[in-house]
Amino acid sequence: MSPDATVPAGLAGVAHEPGVAKPDPILVVDGLRRAFGGVRAVDVDHLEIPRGLITGLIGPNGAGKTTLFNLLTGFDRPDEGEWTFDGRSAAGVPAYRVARDGMVRTFQLTKALSRMTVLENLMLGASQQRGEHILRALLPWGWRTQEAEVRDRAEGLLARFKLDHMRDQFAGTLSGGQRKLLEMARALMVEPSLVMLDEPMAGVNPALTQSLLGHVKDLRDVEGRSVVFVEHDMDVVFDISDWVVCLAEGRVIAEGPPASIGANPAVIDAYLGATHDHSALREERRRRQAARGDA
Amino acid sequence: MVSSLVRARRGPQLRRVAAVVLTAIAVGSVAALTAGPAVAQSATETVSGRLAFEGEGVEGVRVVVESTDDGAVLEAVSGPDGSWLVELPGPGAYRIELDASTLPEGVGLRDPDNPAREVRVFENSTSAVVFALGEPQVQTSDTPRRLLQSSVNGLKFGLIIAMTAIGLSLIFGTTGLVNFAHGDLVTVGAFLAYFLNVTLGLPLLIAAPLAIAAGGALAGGLDRQVWRPLRAQRTGLIAMLVVSIGLSFVLRHVVLLFFGGSRQSYTDFGLQTALEFGLVRVQPVELWVMGLSVAALVAVGLMLNRTKLGTSMRAVADNRDLAESSGIDVQRVILAVWVLGGGLTAAGGIFLGLIESVDYLMGFRLLLLMFAGVILGGLGSAYGAMVGGVIVGFVSEFSTVWFSSQIKYVWALLVLIVILLVRPQGILGRRERFG
Amino acid sequence: MIETLFFDALRSAIGPTAASYALLAVGLNLHFGYTGLLNFGQVGYMLVGAYGLSITVAVFGGPLWLGLIVGMLAAVVLSIILGAPTLRLRADYLAITTIAASEILRFLVRNTGSDDLTGSVFGLRQFAGEFYDWSPFAPGEYLGPLGFNANRMWVTLVGWGLVAALSAMVWTLMRSPWGRVLRSIREDEDAARSLGKNVFLYKMQSLIIGGVIGAIGGMVFVLALQNVTPDMFLPQVTFFAFAIMILGGTSTVLGPTAGAVLFWFLLTGLQSGIRGVVDAGVIPGITGGQVVGAVSLIAVGLLLMLLMVFRPQGILGDREELRLDVS
Ligand SMILES: Nc1ncnc2c1ncn2[C@@H]1O[C@H](COP(=O)(O)OP(=O)(O)OP(=O)(O)O)[C@@H](O)[C@H]1O
Ligand SMILES: [Mg+2]
């Protein structure tokens, strides 16, 4: 099978090499570096994230995926580097503004707002709420209509994510998997143009994984959003990604459509050291899944 | 002008009223704004004195009398013959200060650094207070001396802060607790020694080590009985912090209940002739305090670096989970930290009592300075607490060269705020992790 | 004896002091209960409110309304000075900074150098006249055995009126989307940030509003006493307000009010009881005032500890909700 058979139209003809330029990137990263003590957590020379597609970000533990998310979304400051989001420079922009501009992330360690209900968690996500202004907050008739709209939207999302029966529970009572769902639904309330999901499937019941994958695909196909997601489960990555970026020791070591990545020696190297064996990657993947099942 | 009503100098009647009002206010604010009127006693106690320069009485000089028990303030102005008198609201400890700015031209205090006297007034008695006047000293030649003297004072004070702050910092490092009762461990240590020394009559050289041991034991007991169970229940850090505030109220006011509110001293090493070293004057007991503090700090430093227990302490403070997984008995290390911290804190309290005096608020006054030191040095680090504590002591004493000593703590607290602005992790601390 | 004790306690529980502390706690509840800001310097707000008012009126001869505005503006300014550097810090750092700031303020107004402005340790008086001129109460005794005079009636009415109005304001705010953002910051400020909320701005607004409410509490407090001195503003006042807030129920709208009434009822009842015992000469050789002060503060300390350990939700809070805090 030719590698390009699985590549979506937008990325046809793009070379399968680290740092390659893409026709219409939504996010462009240049010379981004962040070190912790001696550890180079992120060291990316150039990276472009395609618009309107799903990009899988993979890499062994400690590769710097979460740190990259933190840097791009303004939660951490780089030692050096530049990046543009939607054509505008986003370096040094505070986290809340990054979110408002349309790049919204979720957290690997979920941040459910424990003592707020599931519904409130979602309603919080809506942007441009009139009642969030201190003076208008004092006059309820100024924001009631909008509040009702926000509630409707939140309830719609809750139904989609099968959380509607938990609607009035405190978020702190949710299970780990439910929190992942909640966090994703909450991020969508912001109506982002780029969604950055840090291990959205970790801990989610396999039966639900399929529908979650469906939601992620809908983000692209129905709502036209761009998605970057970190995931350790290669089946999932290969299933829904249009493009895969592999990070190791902070550097982008490989890029390409899913089919090209599974066989990429650099990727296998990164995961397994020197063993050049595709089946070993499978083996490693199985071991990880087993380990996750135990935890 | 604004407070002329309160500043009674218009005959005994008004003065009496003012005294009663002021006592009421002061008792009210100290004893938590008591409901109901405070008990007003008739003034059968007075302080008085006569100000004279070359045999002549000096008129119109303001003398301010402040109760060190409850902060009530009275004042008097010397009459034509230079004599002044203040009727007191009752027996107790008072601080009498001469307002040097009201002295006439060409007259100054013989010892301008000491415009205040502290006296204890007993029931139905009159205390005479002497302020010797002479030619005013030339200020310019004075500054180097005061710089030197305040460095010595700063070092002395800073070493004590450092000693007491180590425990605070290590406790935070190992358990995450911001212990607001730490200052009161200082007070308790000082009063344990006071009890053994003054009440039971033991020599201080015996009383002090016993009190230090008892202070360590008390801190260890608190960890076992209060903090460990709370940790086991996974009580939140802020909840624990509030518990420590409650505990500080209890400790502080138990001391108040048993020992009263006035300033006291140990029976030993009270009156000593100061030694002169060039421009500075130091009492032998102060030298001993400094020497012993340095010795204690060095010993703690060596212990943390060289012994197994010390290394475990630093390991737990650095990363508790990692330490736990590498086989360290974390709860035992924490207990050891409390005992060590409690002992050091008690020692600091005794030292402070020796060079100043003991009273039930001494530790609470020190607490914010300890926090300043600990944050300056880096929360959680023992060495940081040492460095930070000494710096804070220096800053507050040094400020008195240029500014009023009434606001000397302000500078130390400003240092705290500035350090949080520019380097929240402190001098020796590391930047926090995100996530 | 029991009767005196009960009336003493009741007099204090519904009096202006309890109302001032309720206001302090309403502000603190906005800070801590709803936003998660650990403000240990609430007494500093009380101080700037009290001195803003009394300096304007007593020193500069300004009218009462100007004094009230100055007192509140002073709280706004204090929030900005205090919040700008510290709101980005962790909760415990904020606690230490705010308590330090409140002590700095007390040292500064107490200092002889500030004598012309603040009257240093002597404080200020004669700023409450205009306030009492507004009183609708004719001279005389009110409330039967509680024996409130006309002035006390007036300041009590105003104090509790303010508690009611400001509690209603907080209630409205907390049910709005603004309040939702505040609570999300309390739960996890990074989550709020990731959803596009300007966390710093909201924290600052919370600090200002709660601080101004604290300043209003300070003004009521000194208007009731008709004088102000620096040592009314010891750090322990903040901790009393904390005890009140926790006793009533943190993050509840009526908690501060219920807490203040109950707290002052218990504390004054206790003090009155001890005073009775001491005056009866049961324990020889101890002066009354000291024992009363010491024992009641020990009681406050125990109350704080026991509440925190056994009933952290206070009398009005929800235990289940609180339990989620730990995870
Ligand atoms: N705040 C921090 N302080 C110190 N080191 C850090 C910090 N954050 C990350 N690191 C280090 O940076 C490297 C990259 O970490 P990161 O969390 O980005 O990896 P990751 O790819 O997300 O891993 P995982 O798949 O396990 O989530 C690791 O070596 C980690 O130890
Ligand atoms: Mg990660």
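A, B, ... follow the sequence lines: proteins, then strands. Residue 1 opens every chain.
- The candidate with the highest count of non-hydrogen atom pairs below 4.5 Å against chain C, out of B:L256, B:I245, B:L368, B:I417, is B:I245.
- The line from CD of C:Q236 to CG of B:L361 is 8.5 Å long, rounded to the nearest 0.5 Å.
- By the 6.0 Å contact criterion, CZ on B:R365 is enclosed, its count of non-hydrogen atoms from other residues, nucleotides or ligands being greater than 12.
- Interatomic distance, CZ of B:F364 versus CD of C:E103, reported as 6.0 Å (0.5 Å rounding).
- Interface remark: C:P235 contributes side-chain atoms only to the contact with chain B (heavy atom separation under 4.5 Å).
- Closest of all the heavy-atom pairs between C:F107 and B:Q406 is CD2-O, 4.1 Å.
- Against chain C, the residues from residues 369-376 of chain B that qualify, each with a non-hydrogen atom under 4.5 angstrom away, are B:F371, B:I375 in number order.
- Interface residue B:L414: backbone and side-chain heavy atoms are both found under 4.5 Å from chain C.
- Residues C:L303 and B:F249 fail the side-chain proximity criterion, which asks for heavy atoms closer than 4.5 Å.
- With a 4.5 Å cut-off on non-hydrogen atoms, C:T86 does not touch chain B at all.
- Two residues are said to be in side-chain contact when any heavy atoms from C-beta on lie closer than 4.5 Å; B:L241 and C:F40 meet this criterion.
- Heavy-atom distances place no part of C:F127 under 4.5 Å from chain B, backbone and side chain included.
- Residue C:L302 touches chain B through both its backbone and its side chain, counting heavy-atom pairs closer than 4.5 Å.
- The side-chain heavy atoms of B:F180 and C:I99, taken from C-beta on, include a pair separated by under 4.5 Å.
- When all heavy atoms of B:V250 and C:I298 are compared, the closest pair comes out as CG2-O, 3.8 Å.
- Within the 4.5 angstrom heavy-atom criterion, atoms from both the backbone and the side chain of B:V410 approach chain C.
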Apply side chain to side chain contact (heavy atoms under 4.5 Å, CB included) to residues C:F239 and B:V242 and explain how you reach the verdict.
CA-CA 9 Å; C:F239 299 136; B:V242 175; over 6 Å; no
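- At a 4.5 Å heavy-atom cutoff, C:L306 makes no contact with chain B through either its backbone or its side chain.
- Across all non-hydrogen atoms, the minimal contact from B:L413 to C:A100 is CD1-O, 3.7 Å.
- Residue B:L247 touches chain C through both its backbone and its side chain, counting heavy-atom pairs closer than 4.5 Å.
- Atom CZ in C:R110 sits 13.0 Å away from atom CD1 in B:I407 (nearest 0.5 Å).
- Considering only heavy-atom pairs separated by less than 4.5 Å from chain B, the leading option among C:L108, C:T97, C:L304, C:N111 is C:N111.
- Of the two parts of B:F403, neither the backbone nor the side chain holds a non-hydrogen atom closer than 4.5 Å to a non-hydrogen atom of chain C.
- Interface remark: of the candidates C:T112, C:L82, C:L105, C:T112 forms the most heavy-atom pairs closer than 4.5 Å to chain B.
- Only the side chain of C:L38 comes within less than 4.5 Å of a heavy atom in chain B; its backbone stays farther off.
- With sequence neighbours excluded, the residues that form a side chain to side chain contact (heavy atoms under 4.5 Å, CB included) with B:S405 are B:T400.
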